[in-house]
Each structure stands twice: as C-alpha cells, then as structure tokens.
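For reference, the structure discussed in these notes is given below.
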Amino acid sequence: MGRHRSAVAAGLLPLILVLVACTGGATTAPASQTPSQAAPPSTAVESGPPSAEPSAAASPATTGATVEAKPVGSIGTKLVAGSNSMTVYTFTKDVKDSGKSNCSGGCADTWPALSVPAGGTPTGGSGVTGKLGTITRDDGSLQVTYNGLPLYFFKNDKAPGDANGVYANWEAVAP
C-alpha cells in the first residue's frame with residue numbers, strides 16, 4: 001500500500017509543479033481536476049480550442065477566431081471561442097497592451113494560447129463589446145487579445161460550459 005501511495009505522489013508532482021509555475025505560488029486544484037484529464041489541446045482556431053487531436057494544430061484555420069459571449073456553467077456570461085465554444089481566460093501576470101504573453105513553457109502547455117494563423121484576424125461575435133486584436137508570441141504564432149490582454153484556453157476544459165481554468169492568477173473573461 002505504501003508503494004502505491006509513493007507512485008501516485010510521484011505521478012502528481014509534474015502537475016503540481018506546472019500549476020505552481022503558472023500561478024506564482026501554491027494553489028489547490030478544484031476537486032473536479034484530475035491528472036487523467038491532462039490531454040494537451042490544440043490552439044489553432046477556427047477549428048477551436050481544446051481538441052485531443054494534435055494534428056489539428058498542424059492545419060490551422062484560414063481566417064481567424066470567432067469570440068462570443070455565452071453562459072459558462074455557474075459563473076455567468078463569459079467569452080468563448082472556436083467551433084467548440086470553449087471558455088477563454090486571461091492571466092493576471094500579463095500586462096495590458098504590452099504586446100507580450102507572460103505564459104510560456106509548462107504554463108502554455110496548461111493554458112494554451114487562443115491563436116489565429118498568419119494573416120488571420122479574430123472576429124467578435126454575439127455579445128462581444130471589447131476590442132479584439134493579436135500579438136506575436138515568442139514562437140512567432142499570433143495570439144488573440146481582448147482589450148489588450150492575451151487570451152488562453154485551459155487544457156482540462158473538455159466541453160462548452162466548462163470553466164475549470166479559474167485558478168489564482170487566471171480569470172474567465174467577461175464580455
């Protein structure tokens with residue numbers, strides 16, 4: 001029994017380290033989070049956010065992302081994007097209008113950027129009242145911004161209405 005607990009603890013360590021790195025301190029994951037939900041999402045949009053297919057990122061959209069305001073679980077109306085209408089988030093360590101994302105490496109694995117292909121532009125759909133734009137990430141990809149802040153998905157959101165990415169330093173975006 002002790003050996004099993006050690007193996008479970010060792011398996012959780014990488015997830016804990018990523019969360020600490022992205023939040024700037026220790027946090028407790030919501031009870032709905034489990035390490036088995038850790039499939040990395042695709043972030044190229046028109047095809048939308050989180051997808052279990054890694055090849056989706058290799059065939060990006062031809063135009064851009066559509067961002068809309070929709071009811072998200074019990075947290076109210078928030079911004080969603082892509083064909084799957086997945087919740088988008090901002091990182092409180094990003095600086096408005098700086099043109100830079102402060103989430104990279106393991107952080108970006110957990111909170112992948114909402115992106116558009118080169119030449120693509122984001123489109124505001126129903127309920128979007130703020131300004132959409134893009135910034136160029138360090139890897140050269142174009143990340144969508146809302147009112148000057150970069151937008152991200154959360155890899156453990158699996159269905160429209162999920163808002164599992166609300167943690168310390170992470171907020172679902174109000175329209």
Side-chain angles (χ1 to χ4, degrees), residues 12-45 47-54 56-57 60-61 65-68 70 72-73 75 78-117 122 130 132-175:
L12 290 175
L13 185 60
L15 177 62
I16 292 167
L17 292 174
V18 167
L19 289 174
V20 170
C22 290
T23 61
T27 66
T28 302
S32 64
Q33 301 296 319
T34 63
S36 64
Q37 295 175 324
S42 166
T43 60
V45 179
S47 60
S51 164
E53 299 178 32
T66 298
V67 178
E68 298 179 280
K70 291 188 176 181
V72 173
I75 64 171
K78 301 296 179 186
L79 295 186
V80 300
S83 61
N84 293 338
S85 294
M86 300 300 282
T87 306
V88 294
Y89 302 87
T90 55
F91 185 34
T92 60
K93 293 186 178 187
D94 285 336
V95 177
K96 182 179 177 176
D97 296 321
S98 69
K100 179 169 175 37
S101 166
N102 288 311
C103 179
S104 60
C107 177
D109 291 340
T110 302
W111 280 275
L114 167 57
S115 60
V116 293
L132 291 167
T134 59
I135 60 170
T136 302
R137 292 181 56 84
D138 291 343
D139 66 4
S141 64
L142 291 179
Q143 182 171 7
V144 177
T145 61
Y146 186 69
N147 292 332
L149 288 169
L151 297 179
Y152 306 86
F153 294 116
F154 181 62
K155 75 176 185 178
N156 288 340
D157 284 349
K158 302 297 181 193
D162 285 353
N164 299 314
V166 177
Y167 283 86
N169 298 317
W170 291 94
E171 301 171 346
V173 183

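- Side chain of Asp94 to backbone of Ser101: no donor-acceptor contact under 3.5 angstrom is found.
- How far NZ of Lys93 is from CG of Asn169: 5.0 Å, rounded to the nearest 0.5 Å.
- Across every non-hydrogen atom of Gly165 and Trp170, the tightest pair is O-CB, 3.3 Å.
- Here the OG atom belonging to Ser115 is positioned 11.0 Å from the CD1 atom belonging to Ile135, to the nearest 0.5 angstrom.
- One distance of note links CD of Gln143 with CG of Leu149; it measures 10.0 Å at 0.5 Å rounding.
- Side-chain atoms of Asn84 never come within 3.5 Å of backbone atoms of Met86 as a donor-acceptor pair (strictly under, hydrogens ignored).
- Of the options Leu132, Thr66, Leu142, Leu151, a side chain to side chain contact (heavy atoms under 4.5 Å, CB included) to Pro122 is made by Leu132 and by none of the others.
- Lys100 places no side-chain N or O within donor-acceptor distance of the main-chain N or O of Asp97, the cut-off being under 3.5 Å.
- Val67 places a side-chain heavy atom less than 4.5 Å from the side chain of Leu114.
- Nearest heavy atoms, Val144 versus Ala65: CG2-CB, 4.3 Å.
- Applying the side-chain hydrogen bond (donor to acceptor under 3.5 Å, both in side chains) rule to Tyr146 yields no partners; only residues at least two apart in sequence or on another chain are considered.
- Relative orientation of the Phe154 and Trp111 rings is tilted, given thresholds of 30° and 60° on the angle between their planes.
- Side-chain atoms of Val80 and Pro160, non-hydrogen and from C-beta on, never get closer than 4.5 Å to each other.
- Closest of all the heavy-atom pairs between Ala172 and Thr87 is CB-CG2, 4.1 Å.
- Between atom OH of residue Tyr89 and atom CG of residue Leu79 there is a gap of 11.5 Å, rounded to the nearest 0.5 Å.
- Put simply, the side chain of Tyr152 never gets that close to the backbone of Phe91: no donor and acceptor are under 3.5 Å apart.
- Interatomic distance, Asp139 CG to Ser104 OG, rounded to the nearest 0.5 Å: 9.5 Å.
- Taking all atoms of both residues into account, the shortest heavy-atom contact from Lys158 to Lys155 is NZ-O, 3.1 Å.
- Once rounded to the nearest 0.5 Å, the distance linking SG of Cys103 with CG of Asp109 reads 8.5 Å.
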